[in-house]
Student: 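Questions regarding the structure given below will be posed in turn.
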Amino acid sequence: MNAAPAAAASTLTGLILASTNRQSLIKSLLCPSINWTPPLVDTILKQLWNHGPKALHFFHILLHNHPTYVHSASSFDHAIDIAARLRNYATVFTLLHRMRSLRLHPTPKTFAIIAERYVAAGKPDKALKIFLSMHQHGCLQDLHSFNTILDVLCKARRVEKAWNFFKVLRGRFRADVISYNIIANGWCSIKRTNKALETLKEMVERGLSPSLTTYNIILKGYFRAGQIEEGWKFFLEMKRRRCEIDVVTYTTVVHGLGVVGEIKRAQKVFNEMVNEGVLPSVATYNALIQVLCKKDSVENAISVFEEMLRKGYAPNSTTYNVVIRGLCHREQMERSMEYMDRMRDADCGPNVQTYNIVIRYFCNAGETERGLELFEKMNSGNCLPNLDTYNILISTMFVRKRSDDMLVAGKLLIEMVDRGFMPRRLTFNRVLDGLLLTDCEIPGKKNKLSSFSILFSWFDNVLNKEVANNRQPVRGPK
DNA sequence: ATAGGGTTAG
C-alpha cells in the first residue's frame, strides 16, 4: 500500500479510538468524502487488532449503516478472526452466514482462522469439527486444507491430536511430503525428534521422498532438543551428500550453535556460507546478532548490525528488537532508546513488541514511571498495547506497595477488559486484594471505593464469560 | 493462510 491510504487509515483509526458516542461515530464514518475501499478497511482492522471490540464496532457500522459500501471477503476474514479471538463465537457464525448471503464465499483461509482460534482457546475438537463441516458452508476440503488444519494443531503443540487425525485421514486426502513435514515439525517443536524421524520413516516406506525442507526440519529439531552434536553431524551429512543446502540450513546452524554458546563455530558457519555462494538473509543476520547479544557481547552484536547496514541490508523490526533487548539486558536503557528512534527514522516501528521489551526492563529496574511514560506514549501513538503489556504493567504496580499504584492497576485492569483482553484469574484477585487493602489503610476512601465497585461489576461481568487461565500466545493479524 | 530459518523471560 502506498503512503496516502496508510495515512488515511491511521487518521480514521484515531477517530474510531477517540469516539465515545455511537451516533457521532456513525455520522463521521458515513461522511461522503471518505472513499471506503477493502484495503483501507483491512488496514484499519489491523491497526485496531489490539482493541477488538472497537474493531468489530467499526466493521459493523460499515456493514449495517453504510448505504452503498460492501465489505470484501478479506475484511470479513479479519472481523471473524477478531470475533473468534474474543471468543465471541455467535458473531463468528453470524458473520460466516452473512458472507454467504452476500455471495462472498468463505474460503479455506476463513476456516483456518476459525480453527486456529478454537485451538488457541483450548478447543481443538471444535477446530476439527469446523474443518469437517467446511463443505456444509460451501467450501470443499482438499489436501491443502487438510494440511492447514494439521499445521494449526501442530503449531499449537497439539501434535498427538494432529497425528491421530492424520492417521485416520491420510489415505482419503492422499497425504504428501508437505503433510509429513508438518507432522515432523510438530514433533520437533515439542522436542520429540525421534517421533519426527519415525514419522518420516513411515513416509519413505509409503514411497514419498524427503525434501530439503524435511532435512531442515530435522536439523532444527536436533538443535531445539539440545542434541547439538547430532545436529552438527546431520549438517555435515547434508553437505557430504551434496544436498542443495540453502540459507535456511545455514541460519538454523548459526542459531543452533549460538544459543549453546558456540559463538566461534557459529561465526565460522556464517562466514562459510558466503564462500559457498549462499547469501545470508536478514533472518541470518538476526540469528547471529541475537546469539552475540546473549552469549558474547552487545558491542560485537552492534558491529554486525552496522556491517549489515554497510552491505545494504534493511534491518526489520526483529533486528531492532534483538539489539534493543540486548542493550536493555546490559542496562543500557538510554542506548536502547536511541535504537527506538532509529526504528522510527527507518519507518520500521517501534511495534508493540519493542514497547514491551523496554517497558519490561524499565519496570524490572524499578523505573516504574518511565515504564508508564512509554505506555502512555504508545497509547497516544498508533501502537496499541497488547495482553503482555498489561500483564507487565499490572504486576509492576505491586512492587512499590503504594496505594496510588493500586489505583493504576485497577484502571489498567478495567482498560484491558474493555479492549477485549481477558486477564488471568490470579491477576484479577491480586488487583482486588490490593485495592481492598488500600481502602482499609488510606484516608479519603470515597474515590477508592468507587473504583473498587467498578472493578466488582467488571469482575461479575467477566466471571459470567470465561476467565482465561491458559496462557496461549495469540498470533497477530496476517 | 499447505511445510523449514530471527523476537520475551519465566
Student: I want to verify a distance call: between B:dA3, B:dG5, B:dT2, whose nearest atom is closest to the A:Lys155 side chain?
Tutor: B:dA3
Student: Here's one to test your reading of the geometry: is the NZ or CZ of A:Arg430 within 45 degrees of the ring axis of A:Phe398 and under 6.0 Å from its centre?
Tutor: yes
Student: Distance criterion of 3.5 Å, no angle test: do you see the side chain of A:Ser281 paired donor-to-acceptor with the base of B:dG5?
Tutor: yes
Student: Given B:dA3, B:dG6, B:dG5, identify the nucleotide with an atom nearest to the side chain of A:Thr284.
Tutor: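 My answer, after comparing the listed nucleotides, is B:dG5.
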Student: Can you figure out which of B:dG6, B:dA1, B:dT7 approaches the side chain of A:Asp81 most closely?
Tutor: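 Of all the options, the side chain of A:Asp81 is nearest to B:dA1.
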Student: Checking contacts here: which listed nucleotide (B:dG6, B:dT7, B:dA1) is nearest the side-chain heavy atoms of A:Asn321?
Tutor: B:dT7
Student: What's the closest nucleotide to the A:Arg360 side chain, out of B:dA1, B:dA9, B:dG6?
Tutor: B:dA9
Student: Please find out if less than 6.0 Å separates the ring center of A:Tyr285 from that of A:Phe305.
Tutor: no
Student: Would you please name every residue forming a side-chain contact (heavy atoms from CB on, under 4.5 Å) with A:Asn364, sequence neighbours left out?
Tutor: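 For A:Asn364, the residues satisfying side-chain contact (heavy atoms from CB on, under 4.5 Å) (neighbours in sequence not counted) are A:Arg360.
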Student: Is the phosphate of B:dA9, meaning OP1 or OP2, less than 4.0 Å from a side-chain N or O of A:Tyr361?
Tutor: yes
Student: Looking at A:His255, I'd like to know whether one of its side-chain N or O atoms comes within less than 4.0 Å of OP1 or OP2 on B:dG5.
Tutor: no
Student: Counting side-chain heavy atoms from C-beta on, which of B:dT2, B:dT7, B:dA3 comes nearest to A:Asn147?
Tutor: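 Nearest nucleotide to the side chain: B:dT2.
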Student: Listed by chain and number, what are the side-chain contact (heavy atoms from CB on, under 4.5 Å) partners of A:Glu160, not counting sequence neighbours?
Tutor: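 Testing A:Glu160 for side-chain contact (heavy atoms from CB on, under 4.5 Å), a comparison that skips the adjacent residues, returns A:Asn164, A:Trp187, A:Arg192.
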Student: For DNA chain B, what residues of residues 173-190 of chain A have any heavy atom nearer than 4.0 Å?
Tutor: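 Contacting residues: A:Ile178, A:Asn181, A:Ile182, A:Asn185.
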Student: To the nearest Å, how far apart are A:Tyr313 OH and B:dG6 C1'?
Tutor: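 Atom-to-atom, A:Tyr313 to B:dG6, this comes out as 14 Å.
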Student: Under 6.0 Å from the six-membered ring centre of A:Trp49 and within 45° of its axis: does the NZ or CZ of A:Arg85 meet both?
Tutor: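 The answer is yes; both the distance and angle limits are met.
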Student: At less than 4.0 Å, is any side-chain N or O atom of A:Lys220 found next to OP1 or OP2 of B:dG6? Yes or no.
Tutor: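 Indeed, a polar side-chain atom of A:Lys220 lies that close.
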Student: Check the orientation of A:Tyr361 and A:His329. Use parallel for under 30°, tilted for 30 to 60°, and perpendicular for over 60°.
Tutor: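 Geometry flag for A:His329 against A:Tyr361: perpendicular rings.
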